[in-house]
Amino acid sequence: MFEAFVVIAREACELLLILLSLSHAARRGGRPELMQWALVGVVAGFAAAAAIVSALPPSGMNEWFDIALTFGFGLSLALVSCGTMASLARVGAQATELLDTWVAHRAAGLAVLAFGAFSALREALEALILIRFISAQEPAADVAWGIALGLAACALLALAWRALAARRGTRWTFRLSAVILFVLGAQMVIEAIVETLVRGVGGAMFARVGYAMLPYLENGDRYWVLCVGLAIIPLGLWTRAWWRQAAGSAGAAPRPD
């Protein structure tokens, strides 16, 4: 039950944070209706994931396809989070302008639909494949309870997020979501690269590097080290931007006679 709970809670909460960040970008660009396209994409992604899993052999998904999917999804998350960080922390006016221009484009709805579908496809694929593996080892009732509790945890996160946004403002909640998305996306990219290296693609030397990185990946005993290291990047950018803004304000303040 616990394994099913962890899988569903993790994948559902990841998708929730993606949609929250996408919602912020849409509202910031003055087009909140774009989220309707995102929800249609999510439904399409879930349907596609269910169809793919039902057609998969018992051995699961091709490992190279899984690596490519993880790399592409992680890269897209990292890019979305960078756009969110730029718009919130005022780090890079060009990135902010690009994000706003993209949201204002007439075809933005199709892009949002595709991104929502891709996000839901990736999260649902991983969840369904893992749940199928867990179901072969645990009673169906325990797996069902784990799934229900995982969805309940995601619902509680959504309620907590809404309360935090109402209390502290959306600026801080989306700062937090940007950090989480960046960490998630970057570690997925790193995971895909490491998985490629350990298969000997770059030779024996790079394979050893890949094996040395395994403890820092998901389910490794040093996974927290990688997450903390990646989180320092956006937090460092915001700290630098805040310091410069504070220094500029202090310099512009009138001096007492």
Side-chain angles (χ1 to χ4, degrees), residues 8-55 65 68-88 92 94-129 150-151 154-155 157-162 164-166 169-186 188-189:
I8 295 301
R10 181 181 63 202
E11 306 303 331
C13 290
E14 286 176 2
L15 183 58
L16 173 64
L17 290 171
I18 293 167
L19 294 176
L20 287 171
S21 185
L22 192 59
S23 174
H24 167 72
R27 291 205 312 271
R28 188 181 184 280
R31 298 191 63 185
E33 71 278 4
L34 287 177
M35 288 308 296
Q36 298 176 2
W37 291 88
L39 295 178
V40 172
V42 168
V43 173
F46 284 156
I52 292 173
V53 171
S54 64
F65 178 73
L69 187 63
T70 299
F71 180 85
F73 185 62
L75 184 60
S76 65
L77 285 187
L79 292 176
V80 168
S81 65
C82 286
T84 305
M85 286 188 289
S87 64
L88 290 176
Q94 293 181 351
T96 306
E97 183 179 355
L98 179 62
L99 181 64
D100 293 341
T101 302
W102 173 78
V103 171
H105 198 276
R106 292 177 59 185
L110 295 177
V112 170
L113 186 149
F115 184 74
F118 183 46
S119 301
L121 173 64
R122 199 276 172 186
E123 299 292 356
L125 265 181
E126 182 168 352
L128 291 174
I129 290 173
L151 294 175
C154 182
L157 175 62
L159 292 175
W161 204 269
R162 183 175 180 180
L164 181 61
T170 57
R171 182 182 180 89
W172 289 103
T173 55
F174 283 104
R175 279 184 186 272
L176 180 59
S177 69
V179 173
I180 295 174
L181 284 182
F182 179 80
V183 171
L184 175 64
M188 282 184 175
V189 171

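Positions are given from 1 along the sequence. We use all heavy atoms of the structure for the numbers below, so side chains are in, but hydrogens, waters and symmetry mates are not.
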Minimal non-hydrogen separation, S119 against L15, with atom names:
CB-CD1, 3.9 Å
How many angstroms lie between atom CE of M35 and atom CG of L19, to the nearest 0.5 angstrom?
5.0 Å
Among all residues two or more places apart in sequence or in another chain, which pass the side chain to side chain contact (heavy atoms under 4.5 Å, CB included) test with L39?
none
Minimum heavy-atom separation for A127 and I8, please, with both atom names.
CB-CD1, 4.2 Å
For L16, give me all partners under side chain to side chain contact (heavy atoms under 4.5 Å, CB included), at least two apart in sequence or on another chain.
L20, C154, L157, A158
Write out all pairs satisfying salt bridge (charged side-chain N to carboxylate O under 4.0 Å, His left out) with one or both partners inside residues 32-53, taking only residues at least two apart or from two chains.
R31-E33
Expected list for residues 41-54: side-chain donor-acceptor pairs under 3.5 angstrom, two or more places apart:
unit_1	atom_1	unit_2	atom_2	d
S54	OG	A50	O	3.2
S54	OG	A51	O	2.7

